[in-house]
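Just so it is clear, the model here is predicted, and its values are computed rather than measured. Just so you know, ligand 1 is whichever comes first in the structure, and atom 1 is the first atom listed for that ligand.
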Amino acid sequence: MVNLDSPISIVRPHAIEFGVGTAERLGRWADERGYRRVLVISDAFNARRVDALALKGELTVFGEVRPEPDTDDLDRVLAVANAADAELVVGFGGGSAMDLAKLAAVLAGSPQTLQEVVGPNKVRGPRRVALAQVPTTSGTGSEAGIRALVTDPGTRAKLAVESLHMLADIAVIDPALTFTVPAGTTAATGVDAMAHCVEAFTNRKAHPMIDLYAIEGIRLVGRYLARAVADGFDAEARAGLSLASLYGGFCLGPVNTAGGHALAYPLGTRWHVAHGAANALIFPHVLAFNTPSVPEKTVIIMDALGHGRARDIRSVFDTAHAFCAGLGIEMTLSGLGVERSDLDAMTEDAFAIRRLLDNNPRDLTRADIRAIYEAAF
Ligand SMILES: NC(=O)c1ccc[n+]([C@@H]2O[C@H](COP(=O)([O-])OP(=O)(O)OC[C@H]3O[C@@H](n4cnc5c(N)ncnc54)[C@H](O)[C@@H]3O)[C@@H](O)[C@H]2O)c1
Ligand SMILES: [Fe+2]
């Protein structure tokens, strides 16, 4: 484990605007810097309300981002980005839109291809365009980070690009933009935000400087997620979740996730289960599995969630499972349409994600992973 005196690097977007009604500040910020040609990367829902950002000048809107984008989606974005020749790229949507905006900001007009930049620190800078991120879900925290994920349709693996050059100049986090997120997506993305915090907190690379955000992020989800699921227009609850998501993003940068996300990825890449839903289903299993390796931290997590009495594998599992199921989240693989015959292949895929599994506080063998999928089936 890492100690207080262990080295760590922390980066943040240059500016962060937070709070209900802040969306229109992006327009003023862009105007003050003289950005005239602006490219907004968005999904169909958010593209329809791009006016909320009050952007001036020559606006190109790519409004076709699909959930869990793949390399074909990125190619379409890059074609539009190359033609737009923008001075400012804006990611306006959930993690899917923000991740594609990051890649567009560094790959449009660049001789580098996606394959050349996969992995850490492969992007050649400096970036030629400004980058702004405006999240409309509260889950990924992608607005604060330096990673972007796209699926390779050939191998069904998530390709992770990590680069300081993808850090936003400004993140505008307006919780009012999340009022319209449906209850099911709110629940799943909220557990995703919490999973970022939990997996960073219990990580082999966990660091006290990040633990602060992790614990507070878990507390915010414990306090506000059920409220936001019950009433999407509860501004305080939505703000709490937007903050939890941002804190989760702070956790991802220097520490990152671990076993939970590794086991969740095959659900997305092989079965097109949304990122949040996949993580929510896996969450109780890996939290419980890890309990013997990080008992004190698990107590702190259960306390922060408002369930202080759970201590052992069984009660941690039952409590976390009840928390997720109580939010209306589908908690079985079969319920999501996954076929039992795929569990072996999913196990192989998950076991290969060493960049995350090696962070897990307790070793997850192939047999452990297979047993978790079986239990979740
Ligand atoms: N970069 C990172 O650090 C990081 C971290 C976690 C996840 N991710 C990636 O993020 C993606 C998932 O992002 P996500 O969970 O935010 O979902 P998403 O961006 O895929 O959006 C999910 C759905 O919600 C809709 N939507 C978005 N905002 C809405 C709103 N305000 N009202 C109504 N509908 C709305 C979208 O149109 C879409 O259909 C995955 O590809 C995942 O790999 C990235
Ligand atoms: Fe996630």
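Counting only heavy atoms, the protein never gets under 4.0 Å from atom 22 (C) of ligand 1. For atom 30 (C) of ligand 1, a protein heavy-atom neighbour is found at a distance under 4.0 Å.
At a heavy-atom distance under 4.0 Å, only side-chain atoms of His275, from C-beta outward, approach ligand 1. Looking at Val181 against ligand 1, both its backbone and its side chain come within 4.0 Å, counting heavy atoms. At a heavy-atom cutoff of 4.0 Å, ligand 1 is contacted by the side chain of Asp99 but not by its backbone. Heavy atoms of Thr189 found under 4.0 angstrom from ligand 1 belong exclusively to the side chain. Under 4.0 Å from ligand 1, the heavy atoms of Asn46 that appear belong solely to its side chain.
Ligand 1 has no atom lying under 4.0 Å from any heavy atom of Ala274. At a 4.0 Å cut-off, at least one heavy atom of Lys102 sits close enough to ligand 1 to count as contact. For the ligand labelled ligand 1, residue Arg49 lies inside the 4.0 Å heavy-atom shell. Note on ligand 1: Met98 sits outside its first shell, no heavy atom being nearer than 4.0 Å. Within the structure, the closest approach of Arg66 to ligand 1 does not fall below 4.0 Å when heavy atoms are considered.
The minimum distance between the Fe ion (ligand 2) and any N, O or S atom of His275 involves atom NE2. Looking at His196 and the Fe ion (ligand 2) together, the shortest N, O or S contact belongs to NE2.
At a threshold of 4.0 Å, the pair Asp73-Arg76 counts as salt-bridged, since one of the basic side-chain nitrogens sits closer than that to a carboxylate oxygen. Taking a cutoff of 4.0 Å between a charged side-chain nitrogen and a carboxylate oxygen, Arg227 and Asp231 do not qualify as a salt bridge. The pair Lys158-Glu68 counts as a salt bridge, with a side-chain nitrogen and a carboxylate oxygen less than 4.0 angstrom apart. A salt bridge links Glu374 to Arg370: one of the charged nitrogens lies within less than 4.0 Å of a carboxylate oxygen. By the 4.0 Å N-to-carboxylate-O rule, Asp363 lies close enough to Arg204 to be salt-bridged with it. The existence of a salt bridge linking Glu87 and Arg128 is excluded, since no basic side-chain nitrogen approaches an acidic carboxylate oxygen closer than 4.0 Å. Note on Asp349 versus Arg156: no salt bridge recorded, every NZ/NE/NH1/NH2 to OD/OE distance being 4.0 Å or above. Glu162 has no carboxylate O lying under 4.0 Å from a charged side-chain N of Lys122, or vice versa, which leaves the two without a salt bridge. Electrostatic pairing of Glu58 and Arg37 does not count as a salt bridge here, judged by no charged N lying under 4.0 Å from a carboxylate O.
Residue Thr180 approaches ligand 1 through these ligand atoms, each under 4.0 Å from one of its heavy atoms: 30 (C), 31 (N), 32 (N), 33 (C). Contact atoms of ligand 1 toward Leu252: 3 (O), 5 (C) (distance under 4.0 Å to a heavy atom of the residue). Near Asp43, meaning under 4.0 Å from one of its heavy atoms, ligand 1 places the atoms 36 (C), 37 (O). Close contacts between ligand 1 and Glu68 involve ligand atoms 12 (C), 40 (C), 41 (O) [criterion: under 4.0 Å to a heavy atom]. The distance from ligand 1 to the heavy atoms of His196 drops below 4.0 Å at these ligand atoms: 6 (C). Atoms of ligand 1 lying under 4.0 Å from at least one heavy atom of Pro67, given by number and element, are 20 (O), 38 (C), 39 (O). Near Gly94, the atoms of ligand 1 lying under 4.0 angstrom from a non-hydrogen atom of the residue are 16 (O), 19 (O). Atoms of ligand 1 lying under 4.0 Å from at least one heavy atom of Arg147, given by number and element, are 1 (N), 2 (C).
The aromatic rings of Phe179 and Phe233 are tilted relative to each other, their planes meeting at an angle between 30° and 60°. Between His285 and His321, the two ring planes are perpendicular [angle over 60°; tilted spans 30° to 60°].
At a 3.5 angstrom cut-off on N or O pairs, Gly95 counts as close to ligand 1. Between Ser142 and ligand 1, an N or O atom pair is found at a separation short of 3.5 Å. Polar contact check, Asp192 against ligand 1: no nitrogen or oxygen pair lies under 3.5 Å apart. Annotation: Leu177 places an N or O atom under 3.5 Å from an N or O atom of ligand 1; distance criterion only.
Between the side chains of Thr365 and Asp368, at least one donor-acceptor pair of N or O atoms lies under 3.5 Å. With 3.5 Å as the limit, one finds no donor-acceptor pair spanning the side chains of His207 and Asn3. Between the side chains of Ser142 and Asp99, at least one donor-acceptor pair of N or O atoms lies under 3.5 Å. Counting only N and O atoms by type, the side chains of Glu24 and Thr22 include no donor and acceptor under 3.5 Å apart. Counting only N and O atoms by type, the side chains of Thr71 and Asp152 include no donor and acceptor under 3.5 Å apart.
Summary of contacts: the protein heavy atom closest to atom 18 (P) of ligand 1 is Ser96 OG, 3.5 Å. Looking from atom 35 (C) of ligand 1 to the surrounding protein, the closest heavy atom is Phe45 CD2, 4.2 Å. Nearest protein heavy-atom contact of atom 28 (N) of ligand 1 is Thr136 OG1, 2.7 Å. Remark: minimum distance from atom 43 (O) of ligand 1 to any protein heavy atom is reached at Lys158 NZ, 2.8 Å. In this structure, the protein non-hydrogen atom closest to atom 5 (C) of ligand 1 is Thr140 O, 3.6 Å.
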I'd like to know whether Arg127 forms a salt bridge (Lys or Arg N to Asp or Glu O under 4.0 Å) with Asp169, so could you lay out the CA-CA distance, the side-chain angles of the two residues, the decisive distance to 0.1 Å, and finally the verdict. CA-CA 11 Å; Arg127 186 172 76 213; Asp169 297 295; 2.7 Å; yes
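Under the side-chain contact (heavy atoms from CB on, under 4.5 Å) rule, Phe92 has a single partner from Asp43, Val61, Leu177, Leu55, which is Leu177.
His261 contributes NE2 and Asp192 contributes OD1; the angle these two atoms make at the Fe ion (ligand 2) is 100°, rounded to 10°.
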